[in-house]
Structures are given as C-alpha cells and as structure tokens.
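I have a structure here, written as structure tokens, and I will follow up with some questions on it.
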Amino acid sequence: MAKGRKKLAVWQGFLAGGLLTLGVYLAGLLLLTLLLVKGALSEGGSFPVVAALCILACLAGGLLTVRLTHWRAGGLLTAAAFLCVLLLAGLGFWEEVSWLGRGGVLLLCGLAGGLLAGIAGPKKRRRRK
C-alpha cells in the first residue's frame, strides 16, 4: 500500500474549495445578521464586515483548493467561481449590480482573497534522491 493521502481529482478539489467558500460566507452572514438584530453592530458598519467576510471566505476556500489540487491558480479560480455565484444571486434578486458602488468593491475583495490564497498556498517541494 502506498503511504500518504489518496490523491483527489482536480474537480473534487475545486468542489471542496467552492463548498467551503460558500459555507464560510453563509455562516459569516448569519453571524452578521445576529449581530445586527441584537444591536451589537450598526447598519453602517455592516458593509466593511461583509467585505472582510468575502476576503476570508475566498481565502479559506482557495487555500483548500490549492492544497488539494497542488495547483496555485486554483485559489483564484475558486474565488472567481464564488464571485460568479454571488453575481448571479445579486442579479436574480435585485436585477442590477452597482459596479461603481459596493458591488464592485465586493468583487475586488473576493478576487483579492483568491489571489492571496494562490500566493500563500503550499509550495512544491523537490524530492532529493
């Protein structure tokens, strides 16, 4: 038997990273909603929290994708897929996206998180004989 982990297919790594990204983002939004309802956070302070949450979600999912697939561009691709889901949800509910307002900032924050995941991901190690 071979030692180590079983190697996953590339699509399985992207699926795991995408699901982690969505899970972190939705869990963070639930916590943010709780803080807003309880009055611990003002409505004006919610957007910076959402932007930071977008960065953290893309970073977490991107790091998982990079770790599972050993493909450094996987972090940015996972973030791009997550942002497409956010964009489709926004267009589905509001029928428009404010590109120059807060919508564009969230997209840039998500891409920054994916870029950070690609940079901070594990580096390839060379085996010595």
Query raised in the report: Would a 4.5 Å heavy-atom cut-off, applied to side chains only, mark Thr65 and Leu20 as touching?
Result: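 The answer is no; the side chains never approach within 4.5 Å.
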Query raised in the report: Given side chains that start at C-beta, do those of Leu53 and Leu32 come closer than 4.5 Å, heavy atoms only?
Result: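 Contact flag for Leu53/Leu32 side chains = no.
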Report task. Could you tell me whether the side chain of Arg72 and the main chain of Val66 form a donor-acceptor pair under 3.5 Å? Result ->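 Side chain of Arg72 to backbone of Val66, a donor-acceptor pair under 3.5 Å: no, none is there.
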Query raised in the report: With the 4.5 Å side-chain cut-off for hydrophobic clustering, are Leu56 and Leu107 part of the same group?
Result: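 Different clusters: Leu56 never reaches Leu107 through Ile, Leu, Val, Met, Phe, Trp or Tyr contacts under 4.5 Å.
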Report task. Determine whether Val50 and Leu108 fall in the same hydrophobic cluster, where Ile, Leu, Val, Met, Phe, Trp and Tyr are linked whenever their side-chain heavy atoms lie under 4.5 Å apart. Result ->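 No: no chain of side-chain contacts under 4.5 Å links Val50 to Leu108.
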Query raised in the report: How close do Gly75 and Ala117 get, heavy atom to heavy atom, and via which atoms?
Result: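 Nearest heavy atoms, Gly75 then Ala117: CA-CB, 4.2 Å.
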Query raised in the report: Does the pair Leu106 and Leu86 meet the rule for a side-chain contact (heavy atoms from CB on, under 4.5 Å), with working shown?
Result: CA-CA 9 Å; Leu106 281 182; Leu86 280 184; 5.7 Å; no
Query raised in the report: Given the rule that I, L, V, M, F, W and Y join up when any side-chain heavy atoms are under 4.5 Å apart, are Leu63 and Trp71 in one cluster?
Result: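 Unlinked, Leu63 and Trp71 end up in two clusters.
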Query raised in the report: Going through the checks in order, is the side-chain contact (heavy atoms from CB on, under 4.5 Å) test met by Trp11 and Thr69?
Result: CA-CA 9 Å; Trp11 68 270; Thr69 62; over 6 Å; no
Query raised in the report: Could you give the distance from CG (Leu111) to CD1 (Ile55), rounded to the nearest 0.5 Å?
Result: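 With rounding to 0.5 Å, CG (Leu111) is 10.5 Å from CD1 (Ile55).
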Query raised in the report: Run the side-chain contact (heavy atoms from CB on, under 4.5 Å) check on Phe82 and Cys54 step by step: do they pass?
Result: CA-CA 10 Å; Phe82 169 69; Cys54 193; 4.1 Å; yes
Query - Same apolar cluster: Val49 and Leu59, side chain cutoff 4.5 Å - result: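 Cluster IDs for Val49 and Leu59 differ.
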Report task. Apply side-chain contact (heavy atoms from CB on, under 4.5 Å) to Thr21 and Thr78, showing your working. Result -> CA-CA 8 Å; Thr21 303; Thr78 301; 3.8 Å; yes
Report task. Using the rule that two of Ile, Leu, Val, Met, Phe, Trp, Tyr join whenever any of their side-chain heavy atoms come within less than 4.5 Å, decide whether Val85 and Leu76 are in one cluster. Result ->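 Yes.
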**Report entry** Within-4.5 Å side-chain heavy-atom neighbours: Leu115 and Ile119
**Finding:**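 In contact.
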